[in-house]
Amino acid sequence: MDFIRSMVLRDLETGKYDGRVVTRFPPEPNGFLHIGHAKSLCLNFGIASEHPGGRCHLRLDDTNPDTEKAEFVEAMKRDIRWLGFDWGPHLYHASDYFEQLYRYALVLIDKGLAYVDSSTEDEIRERRGSVTRPGVDSPWRNRAPGENRDLFRRMRAGEFADGSHVLRAKIDMAHRNMVMRDPILYRIRHASHYRHGDDWPIYPMYDFAHCMSDSLERVTHSLCTLEFENNREIYDWLLEHVDAPQPRPEQTEFAPLVLDYVITSKSKLRPLVEGGHVRGWDDPRMPTLAGLRRRGVTPAAIRAMCDMVGVARAQSRVDMAKLEFAIRDDLNDKAPRAFCVLDPLKVVLTNYPEEGTETFTAPRFPGGAGDGGVRELPFGRVVFMDRSDFEETPPPGFRRLTPGGEVRLKYAYVIRCNEVVKDGEGKVTELRCTVDPSTRGGVAPRGRRVRGAVQWVEPKSAVRAEIRLYDRLFSVAEPPLEDLLGTLNRGSEQIVTGALLEQGVAGTRPGDHYQFERIGYFFADPEDCGEGAPVFNRTVTLRDSWKARKRGAATGADGVRGEPVRPRGPASAQQRPPEEALRTDGERLWFTELVELGASEAASINLARAPELRAVFLAARTEYPDGADSIAAWLVNEITRLLGSGAAYDIGRLAPEALADLVEAVDEEEMSHRQGRTVLEALLREGGEFEGMRQRLDLEEIGDEEALLAILRGMMETYPEKAAAYRGGQTGLLGFFVGGVMKRTKGKADPRKASELAARLLSDPEGVATAQKR
RNA sequence: AGCCCCGUGGUGUAAUUGGCAACACGUCUGACUCUGGAUCAGAAGAGUCCUGGUUCGAGCCCAGGCGGGGCUACCA
């Protein structure tokens, strides 16, 4: 389960959204959906479908009239349906909210939280500052709400030219988050919107439109990719300040899908289309859903891949092999087998009758997959096999046909090559072979082992077809966005016109899947595949360990993968003293003082920065001066942890005297560290003094050796192999046994003793037993 | 440089309250007399970026460091 699904579950348990689960998929209709969107689609629609009453909205985020088109909307809807998702009645458009958005903007203006800025674009940019330099206020920043209202109303009325004014949120021009430096909410754009024509001369910006749209639709979980991380702050700010209804949607970011050898930037994909480097948005080499579909990739395969990839916050690159696996896995029992000879080489069977013919049958799906049907393969004196299945000088390990060697024509005969005929240039034009009649129809010839089996085609019945072999569009795993064209894979499309296929594919209809045996999965092109003139796109090759081995031998290394993508930098040995991390003089002063008072350096760093903890430390130390180091350690290690856990712990309730007493009790071994921790938790929750709390709590600890040993023996009997592994050197297993004891005693066992006993018992069961007897 | 996010086998993700580092892809081996590719069986491969701290016990808690990414559009 990924972190987002866990979060949704948690929200369901706590009733945060009254049991509602509403997600949304909000593409901007300015291009085609691609494989990266598929991940988001699977996530959003997936989560919605996993909960009763859950739903996922399709919302076109159409707030920029310059780039958006109705045709993109239609393409998106088609692609989403194709992928297998259904938004039901929940189709929305951000542009339909323009009126409400406008009113929300007015709310901000009236609250003095938004203003009309009449600066130029350059001025605004200049005044924004930089990541290291604070911005400066616009001279228009302090216009009165009335004036802002009037100006904004006139912006809407169309009185002003593009770029003359913008509406901005009034937040903080020195904000550490650049997004919060008075972000622009509205701009003037006299452009025709594909849905609303010239109704609006002003358009809301993403930050404003997005959160408001989510809120208007009562979305619960607004999921987006990592690059919007910094925008979360403005998302929350805006909803809060327009008094959006509770509970408000919350944005959560996840890592986008990044595939090796693939780019998923719409702005980078467009030049490929427009520059004629591919045949269109649906070119089979494109990562668009339309392209993948045309290539023959199935929706199920894409969904399966997204499933494999998972959802997390860590940036990652996914190996193409995962997609390829998903495709093969899905097509394996969907695509009937057929013979295809890409590069035909004539084979004359010299001992076969001149006019002889016969027909063999072969399964449509071998190995029990599929429908169990058969296909018929005519056979004759002349057949064609693939040129690559014959080698005059075979490399070691070659299992196909060689001069004087044998190979099995699959489902027909084993043949032996007796003669190689060449043309004037030395090119092999014909193989003269003999069939072994005893091997007819694939009947096992006893005592004979023929390793190679190849596909073949009988010419008179064969079907000609155009075959398009596709490979990755880019030659490097991580195409550089500045020089995409330079890394285009020149051989990404290879068109084969002279291929011969078995007769059965004559009836192929556009959109049919096949597996051409030993070659790969192919898809009858939905556009170009015509009656009697089939055109097939290679969806994906089959796994090929032979090719992989040859490639490895040829390059001496990994020929495909290229450079490691993410070199892990060795941590440089430069370790500076930790106090250099302290930022202010005040903190540094405290640091030295705390160290002098007896706190360790590591703890002092913490205390120097945290006034509340420090105050407790100082007070507790006066109660128990010798324990300064321990007190500091408890404060930093245990208290910080508890406070950070989000539970109902409050440092304010902890009396320094109580802490001092507690630490002293542990130091004096009046109680274990573990018991101390239990008391501390209670003190942080309820306050009070130490001794009283200690009396009240059930701090009983099982220290009785007999009892602990009994539990340990029980565990050793239950997990004899673990005990053996421990003795074999896997000492890490000690934690397994101690942990087991802790669990069985509900945390009551004295861990130190349990650990000690476990170590003794595990390494020498007999010794402990005899010691026990005595 | 500032702020934010993220570091777990080659790749992608898991790991309940701190208690056996798991799954998938990939790789390799073997079996299967008919795909060198299907299928089945098996194996190798990380001790969790580094250094320290807390703890009986740390992938998980604390500190520091290193590395990667995002943010300075009137795009989304």
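Chain letters run A, B, ... following the sequence lines, proteins first, then strands; residues in each count from 1. In this text the structure is predicted, and so the values were computed from the model without any measurement. Just the heavy atoms: all of them, side chains too, but no hydrogens, waters or symmetry mates, feed the values below.
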Interatomic distance at [atom1], [N] relative to [M], whole Å:
N	M	atom1	value
A21(B)	A58(B)	C1'	12 Å
C61(B)	G57(B)	C1'	13 Å
C60(B)	G47(B)	P	15 Å
A24(B)	G65(B)	P	40 Å
G9(B)	A15(B)	P	16 Å
U16(B)	C23(B)	P	16 Å
C50(B)	G10(B)	P	13 Å
C74(B)	U13(B)	C1'	41 Å

Base-pairing mate for [N] - Watson-Crick or G-U, with both contacts under 3.5 Å:
N	result
C74(B)	none
U39(B)	A31(B)
G67(B)	C6(B)
C61(B)	G53(B)
A22(B)	U13(B)

Open item on the list: Quick check for you: to the nearest 0.5 Å, what is the distance between Ile234(A) atom CD1 and Phe228(A) atom CZ?
Closed with: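 Here the interatomic distance stands at 14.0 Å.
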Open item on the list: Would you compute the distance between atom CG of Asp162(A) and atom CD of Glu121(A) and round it to the nearest 0.5 angstrom?
Closed with: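 Taking CG in Asp162(A) and CD in Glu121(A), the distance rounds to 10.5 Å.
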Task: Ring center gap for Phe736(A) and Tyr719(A) short of 6.0 angstrom - done: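 Close enough - the centres of the two rings lie under 6.0 Å apart.
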Take the protein atom [atom1] of [X] and the nucleotide atom [atom2] of [N], then report the distance between them rounded to whole Å.
X	N	atom1	atom2	result
Trp634(A)	G53(B)	CH2	P	18 Å
Leu734(A)	G57(B)	CG	P	10 Å
Gln251(A)	A76(B)	CD	C1'	12 Å
Arg641(A)	C62(B)	CZ	C1'	10 Å

Check every strand shown and say whether [X] touches a base, only sugar-phosphate, or nothing at a heavy-atom separation below 4.0 Å.
X	result
Arg181(A)	nothing
Val311(A)	sugar-phosphate
Arg128(A)	sugar-phosphate
Thr63(A)	sugar-phosphate
Ala633(A)	nothing
Glu227(A)	sugar-phosphate
Val636(A)	sugar-phosphate
Phe398(A)	base
Gly397(A)	base
Gln515(A)	base
Asn606(A)	sugar-phosphate
Thr120(A)	base
Arg189(A)	nothing
Glu28(A)	sugar-phosphate

TODO: Would you check if Ile35(A) and Thr264(A) make a side-chain contact, meaning some heavy-atom pair closer than 4.5 Å?
DONE: yes
Nearest listed nucleotide, side chain of [X], among [options]:
X	options	result
Asp319(A)	U11(B), A76(B), U55(B)	U11(B)
Phe325(A)	C25(B), C74(B), A76(B)	C25(B)
Glu229(A)	C61(B), G36(B), C5(B)	C5(B)
Met308(A)	A24(B), C56(B), U13(B)	A24(B)
Val131(A)	A1(B), U54(B), A24(B)	A1(B)
Thr132(A)	C56(B), G2(B), C62(B)	G2(B)
Ala321(A)	C74(B), U11(B), G26(B)	G26(B)
Arg518(A)	G70(B), A76(B), G36(B)	G36(B)
Asn637(A)	G53(B), G36(B), C74(B)	G53(B)
Arg677(A)	C56(B), C74(B), G18(B)	G18(B)

Does a donor on one side chain sit under 3.5 Å from an acceptor on the other, for [X] and [Y]?
X	Y	result
Arg752(A)	Ser672(A)	no
Glu253(A)	Thr225(A)	no
Tyr206(A)	Asn64(A)	no

TODO: Report the residue (Tyr719(A) or Ser130(A)) whose heavy-atom-nearest nucleotide on RNA chain B is the more 5′ of the two.
DONE: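 Nearer the 5' end of the strand: Tyr719(A).
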- [ ] Between Phe736(A) and Asn30(A), just flag the one whose closest nucleotide in RNA chain B comes earlier from the 5' side.
- [x] Phe736(A)
- [ ] Based on the glycosidic angle (syn within 90° of 0, else anti), state the conformation of G42(B).
- [x]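 Anti, angle beyond 90° from zero.
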Task: Within 45° cone and under 6.0 Å: Arg375(A) NZ/CZ vs Phe339(A) ring - done: yes
Task: Presence of Arg125(A) side-chain N/O under 4.0 Å of U72(B) phosphate oxygens OP1/OP2 - done: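 Indeed not, no polar side-chain atom of Arg125(A) lies that close.
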Open item on the list: Below the 4.0 Å mark, does C56(B) have OP1 or OP2 next to a side-chain nitrogen or oxygen of Arg752(A)?
Closed with: yes
Open item on the list: Testing Phe152(A), Phe160(A), Trp200(A) one by one against Tyr186(A) for a ring-ring contact (aromatic ring centres under 6.0 Å, His included), which residue passes?
Closed with: Phe152(A)
Open item on the list: Is Tyr206(A) stacked against the base of A76(B), taking the criterion as centroid distance under 5.5 angstrom and interplanar angle under 30°?
Closed with: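 Answer is no, no stack.
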TODO: Look at the side chain of Arg317(A) against the base of G12(B) and say whether a donor-acceptor pair falls under 3.5 Å; ignore hydrogens and angles.
DONE: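 No.
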Open item on the list: Just checking Glu721(A): does its CD atom have more than 12 heavy atoms from other residues, nucleotides or ligands closer to it than 6.0 angstrom?
Closed with: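 Enclosed.
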